[in-house]
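Since this is a predicted model, take the numbers as computed values, not measurements. As a basis for the values below, the full set of heavy atoms in this structure was taken, side chains included, without hydrogen atoms, waters or symmetry mates.
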Amino acid sequence: MTRDVRILNTGSLLELSRRLRAAGGENIRQSLHRRIRRAAEPLRDDLKDSIRGLDIRSQGRSTRPGGPSPNTRPLRATIADAIRISVRTGSSPGATVWIDKGRMPPDMKNIPAQLNSGRLRHPVFGNRRRWVNQYASPPWWDDVVRRHRPRIEREVERVLDDVRRRLD
């Protein structure tokens with residue numbers, strides 16, 4: 001699984017960042033920051049929607065019925081709430097869409113990558129002697145990123161062109 005998404009055109013962004021510093025255009029820099037963030041927001045929102053609607057199937061039950069979950073945390077909502085955007089316009093400019101593992105419970109930190117691979121293996125109700133597999137439909141992270149990448153690259157290029165015109 002792609003751990004984060006980076007839309008970077010380091011050559012153009014670095015050159016533009018230097019020119020912004022030299023021009024002292026704080027207003028232009030804020031505008032650049034805001035517009036790059038706006039370009040990445042639809043990706044973040046679609047990633048959140050994708051994980052919230054992800055179909056997770058089990059292998060099927062044995063003859064014994066299951067019981068209530070010992071875990072009160074909703075899995076999909078927890079992952080969706082941990083998806084973040086960070087934008088930098090300094091020495092390493094760009095935008096990153098990522099899963100903040102600090103906002104995930106310690107026992108759930110690897111679950112997004114497992115779900116993206118299509119298989120979630122976990123102990124049954126915390127019993128480490130009995131493990132089960134659950135399967136998720138398409139790679140929820142990779143497919144959404146692949147779909148959004150061309151649009152984001154076009155948008156960031158348009159933002160860079162606008163800022164260059166304002167600086168000239």
Side-chain angles (χ1 to χ4, degrees), residues 1-56 71 73-122 136-168:
M1 172 177 137
T2 307
R3 296 250 181 238
D4 56 14
V5 180
R6 293 189 173 136
I7 305 300
L8 303 172
N9 183 353
T10 54
S12 301
L13 287 172
L14 282 172
E15 176 260 330
L16 193 59
S17 180
R18 282 188 207 107
R19 287 176 61 190
L20 278 172
R21 271 196 305 277
E26 191 60 36
N27 190 15
I28 297 173
R29 187 181 303 202
Q30 288 173 349
S31 174
L32 173 67
H33 188 277
R34 183 178 60 248
R35 290 178 66 190
I36 290 176
R37 175 175 288 280
R38 275 198 203 135
E41 283 174 352
L43 171 61
R44 181 203 56 203
D45 296 342
D46 273 2
L47 284 169
K48 286 183 175 195
D49 291 343
S50 176
I51 190 64
R52 283 187 180 119
L54 186 65
D55 179 35
I56 302 174
N71 186 344
R73 298 167 303 202
L75 173 66
R76 293 172 189 87
T78 302
I79 295 171
D81 290 342
I83 297 174
R84 297 275 179 257
I85 297 175
S86 62
V87 178
R88 297 165 316 284
T89 56
S91 62
S92 177
T96 305
V97 178
W98 54 291
I99 296 177
D100 184 359
K101 288 191 174 185
R103 294 187 55 92
M104 300 279 293
D107 58 335
M108 288 187 174
K109 290 184 181 193
N110 295 328
I111 290 178
Q114 288 183 35
L115 288 175
N116 193 58
S117 73
R119 184 181 88 152
L120 173 62
R121 182 169 166 77
H122 63 90
S137 40
W140 68 277
W141 184 272
D142 295 342
D143 287 352
V144 173
V145 168
R146 216 172 286 120
R147 212 170 43 242
H148 279 269
R149 188 176 192 103
R151 181 198 55 78
I152 293 174
E153 287 173 348
R154 283 191 311 269
E155 180 66 25
V156 169
E157 191 59 40
R158 189 168 67 235
V159 168
L160 293 176
D161 288 343
D162 289 349
V163 171
R164 275 192 205 102
R165 274 195 299 277
R166 286 177 68 182
L167 286 175
D168 291 337

All heavy atoms of Ile79 vs all of Trp140, minimum pair found to be CG2-CH2, 3.9 Å
Partner set under side-chain hydrogen bond (donor to acceptor under 3.5 Å, both in side chains) for Asp143, not counting sequence neighbours: Arg146
Looking only at heavy atoms, which two atoms of Leu120 and Gln114 are closest? And how far apart? CD1-OE1, 3.0 Å
Looking only at heavy atoms, which two atoms of Leu115 and Ala136 are closest? And how far apart? O-CB, 3.7 Å
Sequence neighbours excluded, which residues qualify as side-chain hydrogen bond (donor to acceptor under 3.5 Å, both in side chains) partners of Arg44? none
Please tell me if the side chains of Leu47 and Ile51 come closer than 4.5 Å, counting only heavy atoms from C-beta onward. no
Side chains of Asp81 and Asp100: does their closest heavy-atom pair fall under 4.5 Å? no
At what distance, to the nearest 0.5 angstrom, does CZ of Arg149 lie from CG of Leu43? 10.0 Å
Just so I know, are the side chains of Asn110 and Lys101 near enough to count as touching, which here means a heavy-atom distance under 4.5 Å? yes
Cationic N near anionic O, under 4.0 Å, Arg158 to Asp161: no
Should the pair Glu155-Arg151 be classified as a salt bridge under the 4.0 Å nitrogen-to-oxygen rule? no
Tell me if a side-chain donor or acceptor on Thr78 pairs with a main-chain N or O of Pro74 at a distance below 3.5 Å. yes
With the threshold set at 4.0 Å, does a side-chain nitrogen-carboxylate oxygen contact exist between Asp55 and Arg76? no
When you measure from the side chain of Asn116 to the backbone of Trp141, do you find a donor-acceptor pair of N or O atoms at a distance under 3.5 Å? yes
Side chain proximity check, Glu41 to Arg38, heavy atoms < 4.5 angstrom: yes
Roughly how far, to the nearest 0.5 Å, is the NE2 atom of His122 from the CD1 atom of Ile111? 8.0 Å
Considering all heavy atoms, the nearest Ala39-Val156 contact: CB-CG2, 4.4 Å
Of all residues at least two apart in sequence or in a different chain, which pass the side-chain hydrogen bond (donor to acceptor under 3.5 Å, both in side chains) check with Arg121? none
Is there side-chain contact between Arg88 and Thr96, with heavy atoms separated by less than 4.5 Å? yes
